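Accompanying notes for the structure given below.
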Amino acid sequence: MRVRLQEAPFDPGAELAGFTGRAAGAGAVVSFTGLVRGDDDAQAPLIRMVIEHYPGMTEKALDAIAAEAASRWALSDALVIHRHGPMRPDEAIVFVATAARHRVAAFEAAAFLMDYLKSRAPFWKKEERAGDERWVAARENDEAALARWRDASG
Amino acid sequence: MRVRLQEAPFDPGAELAGFTGRAAGAGAVVSFTGLVRGDDDAQAPLIRMVIEHYPGMTEKALDAIAAEAASRWALSDALVIHRHGPMRPDEAIVFVATAARHRVAAFEAAAFLMDYLKSRAPFWKKEERAGDERWVAARENDEAALARWRDASG
Amino acid sequence: MTRDILYFAWLRERIGLPRERVETDAATVAELVAELKSREPRYAAAFADMAAIRVALDQELAELDAPLGQAREIAFFPPMTGG
Amino acid sequence: MTRDILYFAWLRERIGLPRERVETDAATVAELVAELKSREPRYAAAFADMAAIRVALDQELAELDAPLGQAREIAFFPPMTGG
């Protein structure tokens with residue numbers, strides 16, 4: 001289980017290559033990459049996105065989320081990378097990878113990690129467009145997505 | 001939507017890098033990599049795995065599976081790579097990637113593609129161990145995994 | 001009617017060949033299987049447990065009681081294990 | 001008791017500072033919010049809609065009616081939007 005919080009851009013392909021190279025015996029590897037969308041719903045094109053976070057709490061939240069996934073599924077490895085600071089359209093914001101013997105555990109754990117990251121890790125996105133800066137509102141279905149893990153044993 | 005059937009090894013990291021590079025505007029990219037497990041349940045170590053397939057039908061099945069995923073989810077792109085022939089422990093057998101605006105569609109479509117590949121594409125795995133060659137038996141829960149997509153609209 | 005019969009995985013190994021051309025009056029998959037089983041013990045052994053066998057007619061999965069229709073290529077194989 | 005209050009995202013922008021140290025007798029998050037709102041209009045505006053506000057006590061998420069206890073660091077922010 002590894003967790004990285006960083007400002008620097010990263011390459012999802014290189015991360016998956018490294019993760020898979022260490023996943024000997026795993027059988028199944030799932031990855032999720034979240035990208036900055038440059039165009040969104042007929043608004044002006046995005047100039048950049050800035051992610052604010054809560055230093056100290058962020059690291060704790062990421063560690064707790066990874067530990068929770070490890071306790072629910074038989075994972076041989078997991079990796080979470082989350083950026084903060086300014087980033088440009090099409091850059092990767094977040095990367096999650098999970099390795100397990102069978103695919104269902106790898107898929108579920110990756111979806112769980114993303115659901116938790118979305119609404120339990122202290123990150124806030126601000127979108128900057130021509131003449132407009134706006135904090136991204138939380139989506140109600142992000143809370144709903146979390147609820148499905150509450151009663152499930154995993 | 002692209003589909004590749006090949007004997008040659010491939011690099012999951014390079015595939016994800018290429019796929020993500022073409023995913024401008026997608027927001028969410030999910031990948032699944034299936035690896036040859038060298039050790040399995042206290043049997044002798046695997047020497048190699050050989051995948052037999054049904055030339056002609058395989059290509060049709062892969063195209064049909066990809067088209068079905070595209071009709072169920074709003075994907076901006078999808079990629080399926082499946083190998084056949086001999087392969088060694090820790091090599092990648094299969095790679096699936098999906099790109100969508102939101103993560104739920106990308107996760108569901110990737111899981112769907114894998115469920116269908118497992119029991120609707122004409123591939124058969126044979127494991128070669130010291131003094132033993134054995135065709136891998138289908139897992140009953142692979143059929144069960146498929147059932148969940150039958151009534152769902154996606 | 002002349003039909004090409006294909007075998008894969010352990011079915012191919014037990015029967016000992018990957019494909020053969022047969023002249024048959026069978027109207028359904030089940031009739032064709034019965035005809036093959038009556039030929040030789042290796043066919044009877046290969047088709048002993050039909051729950052472990054799948055069939056494709058002209059490269060489309062079909063039920064074991066399906067009519068053969070105009071299918072030129074009939075393939076028998078165990079449940080698929082790709083992915 | 002002396003507590004550090006932190007603000008993030010639009011709460012930080014509306015209040016105009018990222019953190020401040022306060023001397024307070026508030027026993028719960030709700031009491032602390034009431035005290036802050038009574039200070040200045042910018043606080044009252046920032047805390048106008050408590051449904052849009054989350055709180056963490058010593059870097060752990062908490063409910064808005066939670067007791068402050070011995071928490072040294074109390075953070076207010078909008079719902080999180082990472083990932």
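Keep in mind the model is a prediction, meaning the values are calculated, not measured. Chain A is the first sequence line, chain B the second, and so forth, proteins listed ahead of strands; every chain is numbered from 1.
Both the backbone and the side chain of D/Ala9 come within less than 4.5 Å of a heavy atom in chain A. For A/His53, the part lying under 4.5 angstrom from a heavy atom of chain D is the backbone only. Only the side chain of D/Arg12 comes within less than 4.5 Å of a heavy atom of chain A; its backbone N, CA, C and O stay farther away.
Within the 4.5 Å cutoff, the side chain of A/Lys126 has heavy atoms near those of the D/Glu13 side chain. With a 4.5 Å cut-off on side-chain heavy atoms, D/Pro78 and A/Trp124 count as touching.
A/His82 places no side-chain N or O within donor-acceptor distance of the main-chain N or O of D/Gly82, the cut-off being under 3.5 Å. Looking at D/Trp10, its side chain never comes within 3.5 Å of a backbone N or O of A/Trp135 through a donor-acceptor pair.
Counting heavy atoms of neighbouring residues, nucleotides and ligands inside a 6.0 Å radius, atom CG of D/Asp25 does not exceed 12 of them. A 6.0 Å sphere centred on CD of D/Glu63 holds no more than 12 heavy atoms belonging to other residues, nucleotides or ligands. The environment of CZ in A/Arg88 is sparse: at most 12 heavy-atom neighbours from other residues, nucleotides or ligands sit within 6.0 Å. Annotation: A/Arg2, atom CZ; neighbour count of heavy atoms from other residues, nucleotides and ligands within 6.0 Å is above 12. A 6.0 Å sphere centred on CD of D/Gln70 holds no more than 12 heavy atoms belonging to other residues, nucleotides or ligands.
Salt bridge D/Glu60/A/Lys60: absent, no basic N to carboxylate O contact under 4.0 Å.
When all heavy atoms of A/Ser119 and D/Met80 are compared, the closest pair comes out as O-CE, 3.4 Å.
Of the listed residues (A/Met114, A/Arg120, A/Arg139), the greatest number of heavy-atom pairs within a distance under 4.5 Å of chain D belongs to A/Arg120. The residue among D/Asp58, D/Leu6, D/Thr81 with the most heavy atom pairs within less than 4.5 Å of chain A is D/Thr81. Put simply, of A/Gly56, A/Ala61, A/Gly34, the one with the most heavy-atom pairs under 4.5 Å next to chain D is A/Gly56.
Using cut-offs of 30° and 60° on the angle between ring planes, the pair D/Phe77 and A/Tyr54 is perpendicular.
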